[in-house]
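Remarks on the structure that follows.
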Amino acid sequence: MISTLQSRMLRGADGDPAPRLAFGADYNPEQWPRDVWDEDIRLMREAGVTVVSVGIFSWARIQPDADTWDFGWLDEVMDLLHAGGIGVDLATATASPPPWLSTAHPEILPVTATGETLWPGARQHWRPTSPVFRAHALRLVREIATRYKDHPALVAWHVSNELGCHNVYDYSDDAARAFRIWLRARYGTLDALNDAWGTAFWSQRYSDWEQILPPRLAASHPNPTQQLDFKRFSSDALKEHLIAERDLLREITPGIPVTTNFMVMGNTKGMNYPDWAGEIDFVSNDHYVHPGPQDRDELSFSANLTSGIAQGKPWFLMEHSTSAVNWQPVNVPKRPGDLARDALLHVAHGADAVCYFQWRQSAAGAEKYHSAMVPHAGADSDVFRAVAALGATLKTLAPVAGSERETASVGILYDWDSWWASEQDSHPTELLDYRQEALDWYSALLALGIRTDLITTRNDLSRYQVVVAPVLHVVPAELAKELTRYGEQGGHLITTYFSGIVDENDRVWLGGYPGALRDLLGIRIEEFAPLLDGVGVELDDSSTGTLWTDRISATDADTEVLVRYAGGELAGLPAITRRRSGSGSASYVSTRLGVEQLTRLLPRLLEPAGVRSELPAGLRGSVELTVRRGAGARFLFLVNRTDTSLPVTGLPGDVLIGTTGQDGALVLGPREVAVLRQPAT
Ligand code: GLA
């Protein structure tokens, strides 16, 4: 993966063979008159742009009707970019079908769970399972790939755009047909499906495959396993579309790497990206900040998780914003320094490219108030000056290109099945927020200055001294075995409420909770005791739990009670436990504690593993540390999490970027990022 990324994408089209970090944006020249294009190329060169994504929403321009193709303008754009030394990540242009297509074939339009059609007029109004859409999309891909296969500007393919952004859940008849095929492949027989779905309940037993539907609006809660399988199917349906485009591109241009931009951010949970990552030549991600108290922790979390999905290999930041977006309730601009810090935080977590949506801010359309590299004000603007400064910084950081993430001692396990299943309806509480719980553990580890990797079940758990698995709700038998082995071989597992409860079919592990993890944790719970919104329960370490409590019995002589409930019905009973097994341990936290209380608790939970911060004491909590490792060097990224200047002492290494005082000592300005280079031993 690195070699393709390095050999094509990072070099751009100027022929310079040295590895570098790519810099660029989505470029939409079709929105502008021809004379603007020359200025675009000039400014791109001034800013240090090396790559742009072109054609993402150009279908209607490239194919104005079913039998007409118009490539003249795109030929010129490709030539101009090449002459400017800028590489093109060329889109397959299939993200937004043109009006002629949706008029001729309204049967490509997605349908909601309540039976409403998603009409054209915005974008992504297509059913992932529509054979008609697929045929038209692949025809377009073939035309584009054939036309540009030998163009010297072409460095990569950009399949569609943010697959599933607006159309992940489609409940149409096409979806129903494809869902049945998917279920037949998964279960083989109707008996197996009836058993997995528990259809003995509420008279749901199916006697013919044709009776099965997507979970459309129903009289009450649709079958939970049907809901979970529909989520899996919907992710797979988009993945199939990705594979169909990719296969065609590989047939026509076997040497050009293929990617598609993921959305590992916020509450985008429809697409199982760990499962998609193996299908593309390099991972790309889009990320937008949601302003709020944990906004940059969330950025770090998402970038870190993208790195986990990419197996620690470099990845591509395909989109983020220079300043405000247009789609939040209130769109606040970034503060000075945020533009560089946000970009470099992604690089700290393995991005080998920093790209934006978009190059030039649109004058019309739904995104005209979304920031860009060249704002409405033009190049004489703070945003463009900050962009050009970042371009120069990325040049200095060229030695980082190609380096991988150095494994941390702590991993947080993030699991799509658990995310999907734990938040379904008809549960003990609807207040549970899977991602927020994981983010809180991450923020607490950041506050302690402990380097942490976000990982998925496709990463090797045994590389971590500690694995934190918040709300690991779905635990198939194989995963239970793996976690038990991990504990027996000296690993330290920390898990929480509502973990180990169901298998892959959302069927409860019987005999007492936390079913699949009961023996490993050495505890047993007979009944959940979630808390009403706003209710807190005192613990005897003076913290307060919310959301959830459990009536825990310790079932093993090696189970210690670390913290007990101090108030409420459960006063005196265990709230946080730890069972030691050999040199490993397994801890259980039965309530929601939030960032500050987790920060106080964590040193106790980490103590048996002997994990501590690699940062000098004065920087812990104020600075985020990440490490990338290359052939001969380690790169330490130091990100100032605060709004004050911090002197940095006690960390050896050459300053690759960063501000040094008169005495030569490194000072991290507010929200500043420094990179130190150390020899790799
Ligand atoms: C997404 C899309 C872009 C643009 C941005 C705006 O990331 O891929 O086309 O709409 O959002 O933030």
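Computed from a predicted model, the values in this text were never measured in an experiment. We count ligands from 1, going down the list as the structure has it; atoms in each ligand are counted the same way.
Glu319 OE1, 3.7 Å is the protein heavy atom nearest to atom 11 (O) of ligand 1. Glu367 OE2, 2.3 Å is the protein heavy atom nearest to atom 10 (O) of ligand 1. What sits closest to atom 6 (C) of ligand 1 on the protein, heavy atoms only, is His370 NE2, 3.1 Å.
Ring centroid separation for the pair Trp416 and Tyr414 comes in under the 6.0 Å cut-off. Ring-centre distance between His320 and Tyr356: below the 6.0 Å cut-off.
Asp380 and Arg385 are joined by a salt bridge, as a carboxylate oxygen and a charged side-chain nitrogen come within less than 4.0 angstrom of each other.
Side-chain N/O atoms of Gln436 and Gln294 include a donor and acceptor closer than 3.5 Å. At a cut-off of 3.5 Å, with distance as the only test, a side-chain donor of Ser172 or Asp170 sits close to an acceptor on the other residue.
In terms of polar-atom proximity, defined here as any N/O pair under 3.5 Å, Asp26 makes no such contact with ligand 1. For ligand 1, none of its N or O atoms has an N or O atom of Asn261 under 3.5 Å away. Considering backbone and side-chain N/O of Asn326, none are found under 3.5 Å from N/O of ligand 1.
Residue Asn161 approaches ligand 1 through these ligand atoms, each under 4.0 Å from one of its heavy atoms: 2 (C), 8 (O), 9 (O). Ligand-side atoms of ligand 1 in range of Phe57: 9 (O), range being under 4.0 angstrom from any heavy atom. Below 4.0 Å from some heavy atom of Glu162 lie the following atoms of ligand 1, by number and element: 1 (C), 2 (C), 7 (O), 8 (O).
In Trp69, the CH2 atom is crowded: over 12 heavy atoms of neighbouring residues, nucleotides or ligands sit closer than 6.0 Å. Taking a 6.0 Å sphere around CG of Asp382, one finds it holds 12 or fewer heavy atoms contributed by other residues, nucleotides or ligands.
Judged by the shortest distance from any of its heavy atoms, Arg123 lies inside the 4.0 Å radius around the atoms of ligand 1.
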